[in-house]
Amino acid sequence: MLQIILGAVSLGLLWAVMTMGVYITYRILNIADLSVEGSIAMGAAIGAQCIMRGMNPYAATAMAFVGGMLAGLATGILHTRLKIPALLSGILTMIALYSVNLRILGKANISLLRMDTVYTVFENFGLNKSSAVITLGLLCVLGLVGLLYWFFGTEIGCAIRATGNNPQMARAQGIDTGNMIILGLVISNGMVALSGALIAQSQSFADVQMGIGSIVIGLASVIIGEVLFGKRNFFNRLIALVLGAITYRIIIALVLRMGMPASDLKLFTAMTVAIALSLPVFRSYLKPLQRSKKGEM
Amino acid sequence: MLTIKELHKKFNPGTVNEKTALQDINLNMAEGDFITLIGGNGAGKSTLLNCIAGVYGVDSGIIAIAGENVTKFSEHKRAGVIGRVFQDPMMGTASNMGIEENLALAYRRGKRRSLKWGISQAERQIYRELLGSLELGLEDRLGTKVGLLSGGQRQALTLLMAILIRPKLLLLDEHTAALDPKTAEKVLQLSEKFINEGKLTTLMVTHNMRHAIKHGNRLIMMHDGRIILDIKGEEKQKLTVEGLMKRFGKASGEEFADDRVLLS
Ligand SMILES: Nc1ncnc2c1ncn2[C@@H]1O[C@H](COP(=O)(O)OP(=O)(O)O)[C@@H](O)[C@H]1O
Ligand SMILES: [Mg+2]
């Protein structure tokens, strides 16, 4: 059991990196960006291929980050410059990336068994694989939380937040909303690809299919984090995201252990997200009831 | 300060929904002019302001601010010299961000944004004083999310944001129309105060004839996408509501028939 929880925590930490990326687009920019489905697999593909070719795993992971940023740039240009709706821009990038990722991998998947990965350094200190992943995952996540907290407090970060919150107001205050959306998408997809590279190295293979459904997993983690761990201020929100991603993995590990077939996982996740997203509708049905109880109506 | 030459604007050109919103608009605003702009629903007032601010491109014509041709400039680029307050109190502020964060965004209007921290301690002092001058009790609520404020408070804040960096041109589009009469009066007073203190070149749209007559040094009336009256100087000072309605009838060949204007 402990082993299962530890495994879930380690995977959750790596997915937390992806969840923070999804949060940037979904909550800060107010865009549902589907390109992440392609960029997470792209991160895995670039990371794996670079490592196969003998590159230092940290450099390979950095390459994955850059690749993801380029994917975000593509979506950003489709949306802001070519005026294609955000959802469709993301889908176009996602589909295009499927082919790109196949080209990067050269085949449907690459195995990284017995290759040096970013975790090898930690394993050389005597940690087992799962502890090594947790250690590096934790370092990565805490570093990124700090970085994002700083960035979204800067002038440019504030301009991105204003763009997502009220683009008309942002433009009236002299903010180039197109550029801010591109920048947000670039950062977001970079993080998602980084997460993909870290995940591929922890599971010792990269698969062109691994992005399918990832946006829903990201959204599920965002929502679980917000509902369970609060959204008082930005720092609290970031920590809540990380805990949300870990909680999601623990839930999945538990339902699998309780006997749910792995093939039903995506159905389960989709339903969880659908219910969570529709909560406001149910609340608005409940509100009049509550009010009439109080005798206000 | 503002020069508009032969401005034309159609919406949905070449379709069944084609709508000529502005026709041959010519306007010269001197530095310090405070123009009230009045006209019936759909006369093209908001469209004119939006064309000046760069929200819409124009079909033909020239818009110049302080001698610079800005016709081809994007909206955010023009924002460096234009302050704006909209009719909808929700539109001028970022509701998920704090009062001080909104002001800090406005404080950087027209400047390069960098990776410096988004708000400084010194600014907070400035904001506290300016908010105090609104007399709405906002000076002690710098961190409060703007979404929690009332419409009047948000509109007053938007006004402050519009003038925080002295704009070469202030555009007010029925910025008190969505407020209750008492709040509207208060926001209008604040506007008048800021405009006078800063000697701001201002174009203020209003539906209220009394307001249009009482405020500003010049009054412009629009009808069907055209400017049909331009009254300034002594003539403007002597203007009455009846006189204005008569002149509208003569200029447009129609009865002035906008309920909203008549009732107010
Ligand atoms: N974005 C738009 N698309 C199409 N038609 C528009 C648009 N904005 C305004 N119009 C039309 O242009 C005319 C002028 O509108 P507007 O400038 O909003 O009038 P006003 O502010 O004087 O009430 C109206 O007939 C309106 O329906
Ligand atoms: Mg209007």
Side-chain angles (χ1 to χ4, degrees), chain A residues 23-31 76-77 80-83 144 146-184 186-187 222 226 230-238 240 280, chain B residues 49-50 52-56 73-98 100-120 123 143 145-147 154 157-158 161-162 164-165 167 170-171 173:
Chain A
Y23 177 82
I24 291 174
T25 48
Y26 185 66
R27 281 291 189 236
I28 297 185
L29 280 181
N30 209 3
I31 286 176
I77 288 174
T80 65
R81 297 292 181 265
L82 306 181
K83 308 290 176 204
L144 284 171
L147 216 56
L148 289 181
Y149 184 78
W150 162 76
F151 178 70
F152 283 104
T154 65
E155 293 176 343
I156 293 177
C158 286
I160 295 181
R161 284 160 59 208
T163 298
N165 190 184
N166 184 348
Q168 278 156 324
M169 171 271 189
R171 281 191 292 273
Q173 299 306 336
I175 294 168
D176 185 337
T177 49
N179 280 352
M180 292 304 118
I181 290 173
I182 292 179
L183 186 56
V186 164
I187 297 171
V222 169
E226 286 176 349
K231 41 184 180 180
R232 255 177 301 127
N233 53 43
F234 189 54
F235 189 73
N236 174 246
R237 273 170 175 271
L238 289 172
Chain B
L49 262 60
N50 282 327
I52 296 171
V55 179
Y56 306 134
F73 285 11
S74 60
E75 183 183 357
H76 64 85
K77 190 165 178 194
R78 292 188 211 187
V81 291
I82 298 179
R84 276 195 283 164
V85 185
F86 313 93
Q87 178 170 353
D88 179 358
M90 301 299 144
M91 212 155 126
T93 45
S95 56
N96 294 343
M97 298 174 78
E100 61 176 15
E101 285 180 317
N102 272 274
L103 285 163
L105 286 166
Y107 197 58
R108 285 156 182 77
R109 184 155 48 81
K111 301 200 184 86
R112 252 191 92 83
R113 286 165 213 264
S114 70
L115 289 176
K116 282 204 293 279
W117 197 243
I119 182 166
S120 72
E123 282 170 65
K145 294 255 185 300
V146 170
R154 282 181 83 154
L157 178 62
T158 311
M161 289 164 62
L164 192 53
I165 298 291
L170 179 63
L171 301 177
D173 190 357

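Chain naming here is simple, since letters A, B, ... match the order of the sequence lines and numbering starts at 1 in each. All of these numbers come straight from a predicted model, not from anything done at the bench.
- Ranking A:Gly157, A:Ala170, A:Gly178, A:Gly153 against chain B, the residue ahead of the rest is A:Gly153, based on heavy-atom pairs under 4.5 Å.
- A salt bridge is absent between A:Glu155 and B:Lys111; no separation between the charged side-chain nitrogens and carboxylate oxygens falls under 4.0 Å.
- Within residues 160-169 of chain A, the residues having any heavy atom less than 4.5 Å from a heavy atom of chain B are, in residue-number order, A:Arg161, A:Ala162, A:Asn165, A:Asn166, A:Gln168, A:Met169.
- For the salt bridge (charged side-chain N to carboxylate O under 4.0 Å, His left out) test, no residue two or more places apart in sequence or in another chain qualifies with B:Arg113.
- Of the atoms belonging to B:Phe86, it is side-chain heavy atoms, and not backbone ones, that fall under 4.5 Å from chain A.
- Applying the side chain to side chain donor-acceptor pair (under 3.5 Å) criterion to B:Arg154, with sequence neighbours excluded, gives B:Thr93.
- Neither the backbone nor the side chain of B:Ala53 comes within contact range of chain A, judged by heavy atoms closer than 4.5 Å.
- Contact of the B:Arg84 side chain with the B:Met91 side chain is not registered, since no non-hydrogen atoms from C-beta on lie closer than 4.5 Å.
- In plain terms, the two heavy atoms of B:Leu49 and B:Leu171 that are nearest each other are O-CD1, 3.8 Å.
- When heavy atoms are compared at a cutoff of 4.5 Å, B:Glu75 approaches chain A by way of both its backbone and its side chain.
- Checked by atom type and distance alone, the side chain of B:Arg109 pairs as donor or acceptor with a backbone atom of B:Ile82 at under 3.5 Å.
- In this structure, the side chain of B:Arg108 engages the main chain of B:Gly118 through a donor-acceptor pair within 3.5 Å.
- Chain A forms the most heavy-atom pairs under 4.5 Å with one residue out of B:Gly80, B:Ala162, B:Ser95, B:Gly83, and that residue is B:Ser95.
- With sequence neighbours excluded, no residue forms a side chain to side chain donor-acceptor pair (under 3.5 Å) with B:Arg78.
- Residue B:Lys77: no heavy atom, backbone or side chain, is found under 4.5 Å from chain A.
- In this structure the side chain of A:Phe151 reaches within 4.5 angstrom of the side chain of A:Ile187, judged on heavy atoms.
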